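Each remark here refers to the structure printed beneath this line.
Remember, predicted model here, so these are calculated numbers, not experimental data. These numbers come from the heavy atoms of this one structure, side chains and all, not from hydrogens, waters or symmetry mates. Naming convention: chains lettered A, B, ... in sequence-line order (proteins, then strands); numbering from 1 in each chain.
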Number of protein chains: 2
Amino acid sequence: MTENNNNTKNRILETAEALFAQKGYHAVSVREITMAAKCNMAAVNYHFNSKKNLYMEVFRTQWVPRELRMYESFSKELSKIEPHSPNLVIQALASAYLEGPLTNEELKRHRQLIIREINNPTEVIEYVADHTMRPLYRILQQHLKPFFPEHSNEESFTLDILSIFGILLYFNYSRPMITHITGEKYDNAFKTRLITHLVRFSLNGLGANGKDMQ
Amino acid sequence: MTENNNNTKNRILETAEALFAQKGYHAVSVREITMAAKCNMAAVNYHFNSKKNLYMEVFRTQWVPRELRMYESFSKELSKIEPHSPNLVIQALASAYLEGPLTNEELKRHRQLIIREINNPTEVIEYVADHTMRPLYRILQQHLKPFFPEHSNEESFTLDILSIFGILLYFNYSRPMITHITGEKYDNAFKTRLITHLVRFSLNGLGANGKDMQ
DNA sequence: GTCTATAGCAGGATAGAC
DNA sequence: GTCTATCCTGCTATAGAC
């Protein structure tokens with residue numbers, strides 16, 4: 001196999017990811033994927049054995065590495081700030097996971113795929129949890145826990161972190177939902193306001209009001 | 001048409017909802033639905049014209065009325081408490097939408113369906129937004145806004161409300177995710193702790209620390 | 001490694017008996 | 001209103017030429 005980034009195998013992976021994200025596994029046919037990837041239908045079975053396995057490879061070779069790029073960007077930010085404060089940690093989180101290495105389009109696809117998996121798990125979720133969620137949870141715990149000793153038990157802290165993940169995941173839909181609910185349109189620079197909101201709401205949620213704010 | 005609650009049409013609607021929630025529209029076949037509903041395949045087309053329309057009827061006749069029952073339960077709670085405080089309003093919200101009129105199973109299906117729609121909207125989302133999200137947003141705005149005049153603009157307040165909705169939606173998955181991430185198991189009474197968490201986190205998120213707490 | 005051709009099956013929908 | 005039987009399309013997967 002060549003390392004060419006535009007070979008058939010890679011084109012299939014990228015096209016498949018976009019389509020799976022947009023429509024979901026069952027709504028996308030192998031025909032549709034290979035048409036869009038400008039290759040033959042049989043190529044999917046040659047390179048991936050089955051449609052199911054193509055789906056899993058999308059996560060293993062596309063999704064997880066991309067999530068890890070965001071994780072790296074986050075931990076690099078963390079290593080730069082000293083001393084830490086909840087404020088700076090959450091800022092770094094929002095910055096890495098919302099305006100970090102990914103474009104808006106990439107980020108949208110990325111979130112859609114994982115929301116589908118969470119809502120309707122397949123085997124990959126184990127792999128994804130092991131390689132991405134767990135490490136992210138660990139690093140957040142390590143950097144935030146010291147500031148919140150009032151969280152006597154593990155579970156209470158975990159729920160806080162999961163709530164922040166929940167808001168992060170639904171980030172994609174904030175703008176359409178605002179339009180749906182209030183019926184108003186919004187201008188650009190919306191994303192920046194969204195990040196400001198996320199940082200404030202999450203910090204408050206954690207119970208960090210007035211704690212090491214700057 | 002009879003008002004019998006166990007006629008074929010109703011059985012199809014209920015079975016279809018459960019299966020659509022579990023697996024998603026495209027992963028469920030009409031054959032599967034009618035098998036589970038113990039009726040003939042042709043019944044779907046007789047009663048609903050098409051699979052697509054059956055899906056939409058599930059939202060119109062099952063999902064929206066169920067969401068409205070929770071809404072009614074919420075607004076009834078609100079009318080009982082006087083004077084209001086952010087604390088009591090959020091308590092009433094959590095109580096109506098998490099331990100209200102629905103069983104855990106119903107609630108799970110209910111959330112799964114709407115998460116699918118938000119992630120991958122079809123035509124029904126307009127109908128759903130008009131009949132459920134918008135009224136809920138309005139009533140929350142009416143009861144919470146007076147306490148948060150510091151939210152100068154509409155958008156900032158809307159983002160707060162949407163963040164709470166995000167956490168509510170995510171509720172289903174908290175327990176499996178905790179197990180995935182931390183690898184620990186949890187006992188029952190988990191739901192009660194989750195509601196306590198949601199109320200505290202949301203209140204803090206809104207910036208209500210120490211504001212009319214009781 | 002990529003193609004054509006096709007096997008083999010499952011999907012939604014409908015016609016028409018009862 | 002419910003059934004059986006069937007149509008036809010579109011699906012995944014594979015065999016085999018190049």
Phosphate oxygens OP1/OP2 of dT4(D): is one of them under 4.0 Å from a side-chain N or O of N40(B)? yes

For the side chain of C39(B), starting at C-beta, report the closest nucleotide among dA13(C), dC3(D), dT14(D). dC3(D)

Return the 5'-most residue of the pair R11(B), V30(A) with respect to DNA chain D, ranking by each residue's nearest nucleotide. R11(B)

K38(B) NZ to dT2(D) C1': how many Å, rounded? 17 Å

Taking atom CD of E184(A) as the centre, does the number of heavy atoms from other residues, nucleotides or ligands within less than 6.0 Å exceed 12? yes

Below 4.0 Å: OP1/OP2 of dC11(D) and any side-chain N or O of H26(A): no

H47(B) side-chain proximity, nearest of dT12(D), dG1(D), dA13(C): dG1(D)

Scan K108(B), R60(B), R66(B), K23(B) and name whichever one has a salt bridge (charged side-chain N to carboxylate O under 4.0 Å, His left out) with E17(B). R66(B)

To the nearest angstrom, how far is K52(A) atom NZ from dT12(D) atom C1'? 14 Å

Mind calculating the distance between CD1 (I12(B)) and P (dG1(D)) to the nearest angstrom? 12 Å

Specify the separation, in whole Å, of atom CG of N45(A) and atom P of dC11(D). 14 Å

Would you classify A42(A) as touching base, sugar-phosphate or nothing, given that sugar-phosphate means primed atoms plus P, OP1 and OP2, and contacts are heavy atoms under 4.0 Å? base

In whole angstrom, what separates M41(A)'s CE from dA15(D)'s C1'? 13 Å

Report yes if a donor N or O on one partner sits less than 3.5 Å from an acceptor N or O on the other, where the partners are the side chain of R31(B) and the base of dG11(C); otherwise report no. yes

Are the ring centres of F20(A) and Y55(A) closer than 6.0 Å? yes

Separation of dG11(C) P from K51(B) NZ (nearest whole Å): 9 Å

Rounding to a whole Å, what distance do you find between E32(B):CD and dC9(C):C1'? 17 Å

Short side-chain N/O contact from T8(A) to OP1 or OP2 of dT2(C), under 4.0 Å: yes

Taking NZ from K9(B) and P from dG1(D), how many angstroms apart are they, rounded to a whole number? 8 Å

Of all the choices, dC11(D), dG1(C), dC3(C), which nucleotide is nearest to the side chain of Y46(A) once you look at every atom? dG1(C)

So does S29(A) get a side-chain nitrogen or oxygen closer than 4.0 Å to the phosphate oxygens (OP1/OP2) of dG10(D)? no

Quick one: does NZ or CZ of K51(A) land under 6.0 Å from the six-membered ring centre of Y25(A), within 45 degrees of the ring axis? yes

Among all residues two or more places apart in sequence or in another chain, which pass the side-chain hydrogen bond (donor to acceptor under 3.5 Å, both in side chains) test with H197(A)? D160(B), S163(B)

